[in-house]
K.L.:
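The following block contains the structure, expressed as structure tokens.
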Amino acid sequence: MSACVPARAADSDRTERTHPPHSPPPTGPRRFRIASADVSASIAVFLIALPLSLGIALATGAPLQAGLVAAAVGGLVAGRIGGSPLQVSGPAAGLTVVTADLIQHYGWRTTCAITVLAGLAQLGLGCLRVARGALAVSPAIVHGMLAGIGVTIAVAQLHIVLGGTPQSSVPDNVRALPAQLANLHPAALAVSLLTLSLLLLWPRVPGRAGRVCRAIPAALVAVAGATAVAAAAGLVLPKVDLPSWRNHALAGLPEGPVLGLAAAVLTTTLVCSVQSLLGAVAVDKLVSKRPGSGHVGRSDLDRELLGQGAANIVSGSLGGLPVAGVAVRSSANVHAGAVSRNSTMLHGVLVVAAALLLVPLLECIPLASLAALVMAVGIQMVSLNHIRTVTRHREVLVYAVTTLGVVSLGVLEGVALGIAVAVGVALHRLTRTRITHDEKEGVHHVHVRGQLTFLAVPRLSRALHLVPQGADVVVALDGSFMDHAAYETLHDWQNTHTARGGTVHITGRRAGVRIAEPAALTSADPTDGPEEAGASDADCRCRPWTAWRNHQCDRPHSRPGGHRRPRTAEEGRGTQGTDTADTATADTAPDGELLPAGTGGHELMRGISTFQRTTAPLVRGELARLAREGQRPTQLFLTCADSRVVTSMITSSGPGDLFVVRNVGNLVPPPGAESGDDSVAAAIEYAVEVLAVRSITVCGHSGCSAMQALLDSDPGGARTPLRRWLRHGRPSLERLRTDADGGRRPRLAERTPADTVEQLCLTNVVQQLEHLRAHEAVARALENGTLELHGLYFHVGEAQGYLLAERDEEWVFDRVRAVDLAM
């Protein structure tokens, strides 16, 4: 839940307004403000971006000013237009190999033109809203591409570290390495080793001094320290040479073969777009883990693509390197506490100032120091964590082929090879289905592991024909897909086997893989009578959510003479799986004991029986682990007792995930309230101080009877327990009336509330969050930054959740969209 209610501990005990309740709020011109957190974050990012931009320009063979131009444009243009507020764009190490190859083949001016054309292509893709398509690329391919680029960068820069000149390709650089080692330059090697040592050791300075030192980026310290030592020692080394801006080369008309230029534009577009979009997703994950991040919006990937395209057009036109989202600078921006896109834009302003005012200082930097810095970045791109991840997901082959392809052939060729191998691996997994047959205690088990397609039909048929006639069979489908050919084969065999006196029970990990079964053979409930057992399965109303629902197949019972009695409207609104003919007699439990007359006990026993038969085998291991380790929920979920609000369903949570408190009206009595019931306060205290939950969600819902009762309440009515409890909702009612006068009612983002009840439901969520902040345990956790508060409104009829956020001093419930779920 990314839209969080901002934690304002200072407002915990304050509910009054700063202006009279019946007068309009004061208005005035809004002034542009930059938060102090954005200023400090922009300085930290600038100090990292300055040496890296020069180093990447050096590695590509481009004019060194091109790196500064790209950094400035990435900050100002992509930062202003892009859809990821905290992602920092600029010259990226992932583009080094591509840009170096373009410069070598086409020259610098044509490379700038290719950058402009790639930006136009990105604008087109952004307008077509295909940004999500880039996320369909396997992470193993992306990680392999970055690893291959990192190896290429490291091997090339190693020659500069040793005092030489890199070759055009990795094989050439490897072949030339022995000769370079025989003729190394001691001064260049010493400066490079000093840079690498500072880069490695600076973040590891212990104690209080280390905390102070880590405020200065290691990259800046490494380059500045090596430069100072080289100047003090009087070492004669090649240094940064920034020609006059008057001689800066701008983009020219592209020259070269059309197919070659088209491939170059495609490669640049692909690498820039994929790296930027994946970076935006990664930034969202970093932001979500940061305490108090609810006011930072999630990335709009289509807008991010538009922003990157505009930045590449401007950068290429001004003679800058291609622009993409940069992971190192973006993570530094998030960790430095940035709260808006102002930090990214301000870092671009600082780069412009440095490019104009700090030229004498920049020209003191030895090229060997920049080469060592970029080589370290290249080595870090070969991430051991990524290798462990692809190994765990059995995608090492895709990763290795992509890496080797990029190193030996090029970025576009390596990515194409990786995609081909990924498709091959997916097809292999689709066709690799294991089907086994065994017998245990007289029951035959046929276990299907993998996807059940027409390719597996011969093996499935062989396994099924090993089952003798009249035997009891359990067919376990351990997969998520079954095509029509497999369905027909299994269904036909099932009908034949059951017609010869056998029984068939089909299970699967997902309820959707169950196929239609004759009721006489699938009824495992001893309470089913012969009439139920003979009902047609066409009357079964199974749905995909039956794994967690107290599911009862609604089969109308047969009347004497073979005619089925239709259910009345009143019966249809009752519980499923019952008939009024059963309600006049007692129900029989599986062990022969009598249950109370009526349908409730019968339905309960059937639900428990279904759980024990289908769900318990799947969750037994997880529940056993929770029984051993105890509960460790991460969230407290406080919602209404309404039977239509199923917390596990609307949050996609399982055992051990949520600590749930339910009451009439999802109310949170404020501390010290005269209620005679401290159960809610006790649950809050236990969840925050004992379970150490990281978030608390107050969830209201549409059609809440408690809110309707509040609106209809009579102050002079009888003091029943329900009315005494609903007194804790009166502040919500008063807030509704006050907000109506002040014009600041909580609202839905896309439509107006349907009626007063819905408006009160929204207002009640906001008010209960105010009550929640007043609790001592909550206020203390909010102040320490270990807890977040969330507001949620669930519309039952729409099956839609709305998250609460504060926008321009307004409380807005915004729809949870599918685009948010992929982050």
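The shown structure was predicted, so the numbers you read here are calculated from the model rather than taken from an experiment. Just the heavy atoms: all of them, side chains too, but no hydrogens, waters or symmetry mates, feed the values below.
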K.L.:
Scan side-chain atoms only and decide if Asp472 and Thr503 contain a donor-acceptor pair under the 3.5 Å cut-off.
P.N.:
yes

K.L.:
Is the shortest side-chain N to carboxylate O distance from Asp478 to Arg449 below 4.0 Å?
P.N.:
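Looking at Asp478 and Arg449, the cut-off is not met.
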
K.L.:
Run the side chain to side chain contact (heavy atoms under 4.5 Å, CB included) test against Ser679 and tell me which residues pass, sequence neighbours left out.
P.N.:
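So Ser679 forms a side chain to side chain contact (heavy atoms under 4.5 Å, CB included) with Asp677.
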
K.L.:
Which heavy atom of Thr647 sits nearest a heavy atom of Ser653, and at what distance?
P.N.:
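Taking every non-hydrogen atom into account, O-OG, 4.0 Å.
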
K.L.:
Is a donor on one side and an acceptor on the other found under 3.5 Å between the side chain of Ser383 and the backbone of Asn385?
P.N.:
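Yes, the answer is positive, given that a donor and an acceptor are paired below the 3.5 Å cut-off.
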
K.L.:
Please name the pair of heavy atoms, one in Trp493 and one in Val504, separated by the smallest distance, quoted to 0.1 Å.
P.N.:
CZ3-CG2, 4.0 Å

K.L.:
Could you tell me the separation between the CG atom of Leu691 and the CD atom of Gln635, rounded to the nearest 0.5 Å?
P.N.:
12.5 Å

K.L.:
Give the minimum heavy-atom separation between Gly700 and Asn666, together with the two atoms involved.
P.N.:
CA-OD1, 3.7 Å

K.L.:
Might you work through the side-chain contact (heavy atoms from CB on, under 4.5 Å) test for Val688 and Leu636, ending with a clear yes or no?
P.N.:
CA-CA 8 Å; Val688 174; Leu636 167 60; 5.5 Å; no

K.L.:
Who pairs with Glu685 by salt bridge (charged side-chain N to carboxylate O under 4.0 Å, His left out), at least two apart in sequence or on another chain?
P.N.:
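Per chain and number, Glu685 pairs via salt bridge (charged side-chain N to carboxylate O under 4.0 Å, His left out) with no residue.
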
K.L.:
For the CG atom of Leu460 and the CD1 atom of Ile435, what is their distance to the nearest 0.5 Å?
P.N.:
4.5 Å

K.L.:
Can you confirm whether Tyr686 sits close enough to Phe659 that some side-chain heavy atom of one is under 4.5 Å from a side-chain heavy atom of the other?
P.N.:
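In contact.
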
K.L.:
Give the intermediate values and the outcome of ring-ring contact (aromatic ring centres under 6.0 Å, His included) for residues His444 and His437.
P.N.:
CA-CA 7 Å; His444 291 259; His437 167 264; 5.2 Å; yes

K.L.:
Looking at Val382 and Ala147, what are the two nearest heavy atoms and their distance?
P.N.:
CG2-O, 3.6 Å

K.L.:
Can you tell me if Ser299 and Asp284 form a side-chain donor-acceptor pair at under 3.5 Å?
P.N.:
yes

K.L.:
Within this structure, what is the OG1-CG distance for the pair Thr634 and Leu658, rounded to the nearest 0.5 Å?
P.N.:
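It comes to 7.0 Å.
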
K.L.:
Hey, is CZ on Arg662 packed in by over 12 heavy atoms from elsewhere, all under 6.0 Å?
P.N.:
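Enclosed: over 12 neighbouring heavy atoms sit under 6.0 Å from CZ of Arg662.
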
K.L.:
Any side-chain to backbone donor/acceptor pair from Gln768 onto Val668? Under 3.5 Å, distance only.
P.N.:
yes

K.L.:
Taking all non-hydrogen atoms of both residues, which atom of Ala683 and which atom of Val661 are closest, and how far apart?
P.N.:
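Looking at all heavy atoms of both residues, the shortest contact is CB-CG2, 3.4 Å.
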
K.L.:
Measuring only between side-chain heavy atoms, which start at C-beta, is Leu638 closer than 4.5 Å to Asn663?
P.N.:
yes

K.L.:
Keeping the roles fixed (side chain from Thr639, backbone from Cys699), state whether a donor-acceptor pair exists under 3.5 Å.
P.N.:
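Yes, because the side chain of Thr639 sits within donor-acceptor range (under 3.5 Å) of the backbone of Cys699.
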
K.L.:
Shortest non-hydrogen contact from Ile387 to Thr391?
P.N.:
O-OG1, 2.7 Å

K.L.:
Does the side chain of Leu667 come within less than 4.5 Å of Trp725's, by heavy atoms?
P.N.:
yes

K.L.:
Would Val698 and Leu792 satisfy side-chain contact (heavy atoms from CB on, under 4.5 Å), going step by step from the backbone distance to the final call?
P.N.:
CA-CA 6 Å; Val698 176; Leu792 176 66; over 6 Å; no

K.L.:
Can you check whether His795 and His701 have ring centres sitting under 6.0 Å from each other?
P.N.:
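Ring centres of His701 and His795 not closer than 6.0 Å.
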
K.L.:
Can you tell if the side chain of Arg392 reaches within under 4.5 Å of the side chain of Thr389, non-hydrogen atoms only?
P.N.:
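Yes. Closest side-chain heavy atoms under 4.5 Å.
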
K.L.:
Using atom types as modelled and distance alone, determine if a side-chain donor or acceptor of Thr402 lies under 3.5 Å from a backbone N or O of Val398.
P.N.:
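Side chain of Thr402 to backbone of Val398: a pair is present.
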
K.L.:
Would you confirm whether Thr403, through its side chain, and Gly144, through its main-chain N or O, come within 3.5 Å as a donor-acceptor pair?
P.N.:
yes

K.L.:
Got Ile506 and Gln494 here, is their nearest side-chain heavy-atom distance under 4.5 Å?
P.N.:
yes

K.L.:
Which value, rounded to the nearest 0.5 Å, describes the distance between Leu452 atom CG and Asp483 atom CG?
P.N.:
7.0 Å

K.L.:
Hey, could you give me the CG/CG distance between Leu490 and Leu464, rounded to the nearest 0.5 Å?
P.N.:
6.0 Å

K.L.:
Check whether Arg632 reaches the backbone of Asp657 with its side chain - one donor and one acceptor, N or O, closer than 3.5 Å.
P.N.:
no

K.L.:
Assess the residue pair Tyr793 and Glu758 against the criterion (side-chain contact (heavy atoms from CB on, under 4.5 Å)); give the C-alpha distance rounded to whole Å, side-chain angles, the decisive distance to 0.1 Å, and a yes or no.
P.N.:
CA-CA 10 Å; Tyr793 174 70; Glu758 185 169 50; 2.8 Å; yes

K.L.:
side-chain contact (heavy atoms from CB on, under 4.5 Å) for Leu270 and Val415? Distances and angles first, verdict last.
P.N.:
CA-CA 10 Å; Leu270 174 67; Val415 170; 4.1 Å; yes

K.L.:
Would you say His497's side chain and Ala471's backbone share a donor-acceptor pair under 3.5 angstrom?
P.N.:
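Between the backbone of Ala471 and the side chain of His497 there is a qualifying donor-acceptor contact (under 3.5 Å).
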
K.L.:
Donor-acceptor check, side chain of His465 to backbone of Ser461, threshold 3.5 angstrom: yes or no?
P.N.:
yes

K.L.:
I need the Leu301 CG to Leu278 CG distance, nearest 0.5 Å.
P.N.:
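Leu301 CG to Leu278 CG: 9.0 Å, rounded to 0.5 Å.
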
K.L.:
Just wondering, more than 12 heavy atoms not from Arg432 lying within 6.0 Å of its CZ?
P.N.:
no

K.L.:
Judged by modelled atom types alone, do Arg815 and Gln800 share a side-chain donor-acceptor pair under 3.5 Å?
P.N.:
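Checked: Arg815/Gln800 side chains pair up, N/O donor to acceptor below 3.5 Å.
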
K.L.:
Do Phe637 and Ile650 make a side-chain contact, defined as non-hydrogen atoms from C-beta onward lying under 4.5 Å apart?
P.N.:
yes

K.L.:
Would you please classify the geometry between the His386 ring and the His143 ring as parallel, tilted or perpendicular, with 30° and 60° separating the classes?
P.N.:
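Ring orientation of His143 relative to His386: parallel.
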
K.L.:
Taking only residues at least two apart or on different chains, which pairs with a member in residues 640-649 satisfy salt bridge (charged side-chain N to carboxylate O under 4.0 Å, His left out)?
P.N.:
Asp642-Arg644

K.L.:
Checking Asp302 side chain against Ala131 main chain: does a donor-acceptor pair fall under 3.5 Å?
P.N.:
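Yes.
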
K.L.:
Is the shortest heavy-atom distance from the side chain of Cys761 to the side chain of Ser702 under 4.5 Å?
P.N.:
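Sidechains of Ser702 and Cys761: no contact.
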
K.L.:
Are the side chains of Leu477 and Met482 in touch, meaning some heavy atoms are under 4.5 Å apart?
P.N.:
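Counting from C-beta outward, Leu477 and Met482 do come under 4.5 Å.
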
